[in-house]
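Since the structure comes first, as structure tokens, the remarks are kept for the end.
Order of the sequence lines sets the chain letters (A, B, ...), proteins ahead of strands, with each chain counted from 1.
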Amino acid sequence: MRYSKMFIPTMKEDPKEAEILSHRLMLRAGFIRKLASGVYTWLPLGLKSLKKVENIIRQEMNRKGAQEIIMPFVQPKELWEESGRWEKYGKELLRIRDRNDRELCLGPTHEEVVTDLVRREVKSYRELPLILYQIQTKFRDEIRPRFGVMRSREFSMKDAYSFDIDEAGAEKSYMDMYDAYMRIFERCGFNFKAVEADTGQIGGSFSHEFMVLADTGEDTIISCGGCGYAANLERAEVGFVDREVPHTKGQLKDVETPGQRTVEEVSEFLGVKPDKLVKTIIYNTDRGTMGVLVKGDREVNEVKLRNMLNLDVIELADEETIEKTTGGPLGFSGPIGLSIPLYADRDVLFMEDFVVGGNVRDVHTVNVNNEDFKVKGYYDLKVAEPGDFCARCGGTYSSTRGIEVGHIFKLGLKYSKAMNCTFLDKGGKEIHAVMGCYGIGVGRTVAAAIEQGHDENGMIMPFGIAPFEICVLPVNSSHAESMELAEAVYKELLYKGMDVIIDDRSERPGVKFKDCDLIGIPIRVTIGERNLKDHMVEIKLRKEKDSQKVRKEEVIERVLNYANEFKRR
RNA sequence: CGGGAUGUAGCUCAGUAUGGUAGAGCACAGCGUUCGGGACGCUGGGGCCGCUGGUUCAAGUCCAGUCAUCCCGACCA
């Protein structure tokens, strides 16, 4: 490709709208342009990267026997009613009407459509297992789109769906996809981690998220240095050390705490550390009002609570409910004498002489012990933090930030039952297919690569997904000898199958260098008058600071060597 | 949906307190000088001052409404 012919609108200044680095750089380097909030055009350069990611995905999916299809972007309401998600999905699902007033939606995901397809076409166990995938545009009407293509409303996603005859088959499919994902993200050049994740509203029994490690990531990953266990923050189990349960020491006593509602206020007022307090959090759920006890300096993990009690709805109780159930106002709730079910985090079991709310305005109770109230049980109910004990090996947790680029779920029978997707087994019995679903955000993957690879001059794209692999850069395009050699090198590299661009513009050198760095092309071949006098040209790797001179006869070989080295990794 | 902010040239922004002919830098076009890390000079093109209504002799500026965008929060395959 010739730079002079390609549509690459780069920008010198940072666009105001862009908050994080990848977004800024993608705008500046002419990868994307915004059309509306959360809706982007991919320009030639960005599209090249996007396609490279897509192709890596295709190759690895195909390698596992998955087959590519394309399903409709517009989907009828009826299917979504069958699965029950027309009601449940909420405002993220963009609903539209056609001219006949039929209700439709823009597909945010394709479980319904693919399940419908398979139930129509697959009749026998002989046709399974089956994994179908597509790379296609999705629309989710996000509450708050941000970070460019990292969290947009319209976005490209690879989604795959597996259908198996039984649990064992489904697990095999899941593991196949897991392997494929590992290979995909390795080939993208990522520093990433597969972490255990909550299955969320999509349900199902287990799930992994593939997280690209980056400080700007929206997700928190908890991981154990000891055994390698890693999980999404909302999922991470917290271990504990079994200690002797202490016995009552101090004298239970109410104290005046006028106006002191928060943990900080109370602990300061009474002169005790927050970890000597126990918070009583009141929740409204689909199974009634309940209370959760947690140490003062920790937070309740609502996902754990929901999973443990198998709840659908959990929300913090309003003040009215709190006063009705505890007798006291918000900020003064405590477990003593409450009639609602109470669940406590395990931390509480090992505490003694702690402080709780008095269930009366401006009163807290001190020297409280576990004998003073009744709970349904002690469970792991808090949000994990660095420094906590690992639930698997007792090691110590640390936390990092990550960008979720892939997510795999074992769905089980959720959709096949709801939509009656069945086939006949060996014995002629009708049974439901066991399903899995597997997503990768393609655009987000490109953004994540930039988030992970950049410096003050611009992107440092991994070789496998950079828009070009090599840039041939003649310093002075009006110098005939330079141009001649540049053209020759360019054509030879093309012939060798490399993805190469020649910067044939009559721009000043500085402009060319800056653009080349901004775009993040991994290998640059600089051809200038000065070095040419000594029959030398320059090779510079984007990720390295210094360039090296090589004899012009050797340049092709040297470049190909670098390319091979990049590919091998 | 709650809180905060911003809409003026393609981009970054000034001008708005005190109403009086629309500005700068970058980008763009022409000419000249430059030419190994985003050059310089001269000339030029480019504006529904987000939109609608109001106040006024006069509105980018004041008032009301509305739309859009961004940030924080709640939410999230």
Grab the CD-P distance between A:E507 and B:rC40 for me, whole Å please.
-> 14 Å
Atom-pair distance (CG on A:D141; P on B:rC1), nearest Å | 11 Å
Between B:rC13 (C1') and A:K12 (NZ): distance, integer Å = 16 Å
Would you say the base of B:rG10 and the side-chain of A:R33 have a donor-acceptor pair closer than 3.5 Å?
-> no
d(CG, A:L473; C1', B:rC35) in whole Å | 13 Å
Where the side chain of A:D517 is concerned, which of B:rG38, B:rC1, B:rG37 is the nearest nucleotide?
-> B:rG37
To the nearest angstrom, how far is A:D455 atom CG from B:rG37 atom C1'?
-> 13 Å
Residue pairs meeting side-chain hydrogen bond (donor to acceptor under 3.5 Å, both in side chains), one or both in residues 504-514 of chain A, sequence neighbours left out, come to A:S4-A:D504, A:D503-A:R505, A:R505-A:D515
Taking atom C1' in both B:rC70 and B:rG30, what distance in whole Å separates the two?
-> 39 Å
Between B:rA39 and B:rU34 - C1' atom distance, rounded Å | 7 Å
In residues 527-547 of chain A, which ones come under 4.0 Å of RNA chain B, going by heavy atoms?
-> A:G528, A:R530, A:N531, A:E538
Toward the 5' end of RNA chain B, which comes first, A:K512 or A:D14, by nearest nucleotide?
-> A:D14
Residue pairs, two or more places apart or on separate chains, that pass salt bridge (Lys or Arg N to Asp or Glu O under 4.0 Å) and touch residues 3-12 of chain A = none
What integer distance in Å separates A:L518:CG from B:rC11:P?
-> 18 Å
Does B:rA64 fall in syn (glycosidic angle within 90° of 0) or anti?
-> anti
Name the pairing partner of B:rG7, where a pair is Watson-Crick or G-U wobble with both distances under 3.5 Å, or state none.
-> B:rC67
Contact class for A:P108 vs. all strands (heavy atom < 4.0 Å): base, sugar-phosphate, or nothing?
-> nothing
A:R95 and A:Y89 side chains, donor-acceptor separation under 3.5 Å = no
Side-chain polar contacts of residues 448-458 of chain A - donor-acceptor pairs under 3.5 angstrom, sequence neighbours left out - could you list them?
| residue | atom | partner | partner atom | Å |
| --- | --- | --- | --- | --- |
| A:E451 | OE1 | A:S22 | N | 3.1 |
| A:E451 | OE1 | A:S22 | OG | 2.6 |
| A:E451 | OE2 | A:T216 | OG1 | 2.7 |
| A:Q452 | OE1 | A:N191 | N | 2.9 |
| A:Q452 | NE2 | A:N191 | O | 2.9 |
| A:Q452 | NE2 | A:L213 | O | 2.8 |
| A:H454 | NE2 | A:E451 | O | 3.2 |
| A:D455 | OD1 | A:N457 | N | 2.8 |
| A:D455 | OD1 | A:G458 | N | 3.2 |
| A:D455 | OD1 | A:R542 | NH2 | 2.8 |
| A:D455 | OD2 | A:R542 | NH1 | 2.9 |

Contacts of A:D164 meeting side chain to side chain donor-acceptor pair (under 3.5 Å) (sequence neighbours excluded), chain-then-number -> A:S173
Hunt down the Watson-Crick or G-U wobble partner of B:rU61, both distances under 3.5 Å, from any strand shown, or write none.
-> none
Please, which pairs that meet salt bridge (Lys or Arg N to Asp or Glu O under 4.0 Å) have at least one residue in residues 130-139 of chain A, sequence neighbours excluded?
-> A:K138-A:D159
On a whole-Å scale, what distance lies between the C1' atoms belonging to B:rA22 and B:rG53?
-> 24 Å
Return yes if a side-chain donor-acceptor contact under 3.5 Å exists between A:H535 and A:E553, otherwise no.
-> no
Within a radius of less than 6.0 Å around CG of A:D215, do more than 12 heavy atoms belonging to other residues, nucleotides or ligands occur?
-> no
Watson-Crick or G-U wobble mate for B:rC28, both contacts under 3.5 Å | B:rG44
Which sits closer to the 5' end of RNA chain B, A:G406 or A:M11, going by the nucleotide each is nearest to?
-> A:M11
Integer-rounded Å distance: B:rG3 P and A:I143 CD1 | 16 Å
Across every strand shown, the nucleotide meeting Watson-Crick or G-U wobble geometry with B:rC76 (both distances under 3.5 Å) is none
Check every atom of B:rA27, B:rG25, B:rG36 against the side chain of A:V475 and return the nucleotide holding the closest atom.
-> B:rG36
Just call it for A:D159: base, sugar-phosphate, or nothing, with non-hydrogen atoms closer than 4.0 Å on any strand.
-> nothing
What pairs with A:R287 under side chain to side chain donor-acceptor pair (under 3.5 Å), at least two apart in sequence or on another chain?
-> none
B:rU55 -> Watson-Crick or G-U wobble partner, both distances under 3.5 Å, gives none
Just checking A:E13: base, sugar-phosphate only, or nothing, at a heavy-atom cut-off of under 4.0 Å?
-> base
Opposite nucleotide pairing with B:rU18, Watson-Crick or G-U, both atom distances under 3.5 Å = none
Strictly by modelled atom types, are A:T289 and A:Y283 linked by a side-chain donor-acceptor pair under 3.5 Å?
-> no
For the residue pair A:H208 and A:Y174, does the interplanar ring angle fall in the parallel (under 30°), tilted (30 to 60°) or perpendicular (over 60°) class?
-> tilted
The contact string for nucleotides 66-72 of chain B, one letter per nucleotide 5' to 3', using protein heavy atoms under 4.0 Å with B, S and - for base, sugar-phosphate only and none, comes out as ---SSBB
Looking only at atom C1', what distance separates B:rC62 and B:rU69, rounded to whole Å?
-> 25 Å
Expressed in whole Å, how much space separates the P atoms belonging to B:rG15 and B:rA24?
-> 15 Å
Under the side chain to side chain donor-acceptor pair (under 3.5 Å) rule, collect the residues that match up with A:H479, sequence neighbours excluded.
-> A:S482
Got a list of protein N/O to nucleotides 31-34 of chain B N/O distances below 3.5 Å?
| residue | atom | partner | partner atom | Å |
| --- | --- | --- | --- | --- |
| B:rU34 | O2 | A:R508 | NH1 | 2.6 |

For B:rG19 and B:rG60, measure between their C1' atoms and round to the nearest Å.
-> 10 Å
Given the C1' atoms of B:rU12 and B:rU55, what is the spacing between them in whole Å?
-> 34 Å
Contacts of A:F210 meeting ring pair (Phe, Tyr, Trp, His ring centres under 6.0 Å) (sequence neighbours excluded), chain-then-number -> A:Y178, A:Y181, A:F185
Side-chain donor/acceptor contact of A:N476 with base of B:rG36 under 3.5 Å | no
Per side-chain contact (heavy atoms from CB on, under 4.5 Å), A:N284 is matched among A:I322, A:I314, A:L316, A:D318 by A:D318
A:R85 CZ to B:rC76 P, straight-line distance once rounded to whole Å | 14 Å
Residues forming a side chain to side chain donor-acceptor pair (under 3.5 Å) with A:D176, sequence neighbours excluded | A:K172
Determine which nucleotide pairs with B:rG38, using a 3.5 Å limit on both distances of a Watson-Crick or G-U wobble pair.
-> none
Reckon A:R28 touches a base, only the sugar-phosphate, or nothing at all at heavy-atom distances under 4.0 Å?
-> base
B:rC42 versus B:rA5 - spacing of their P atoms, nearest Å = 42 Å
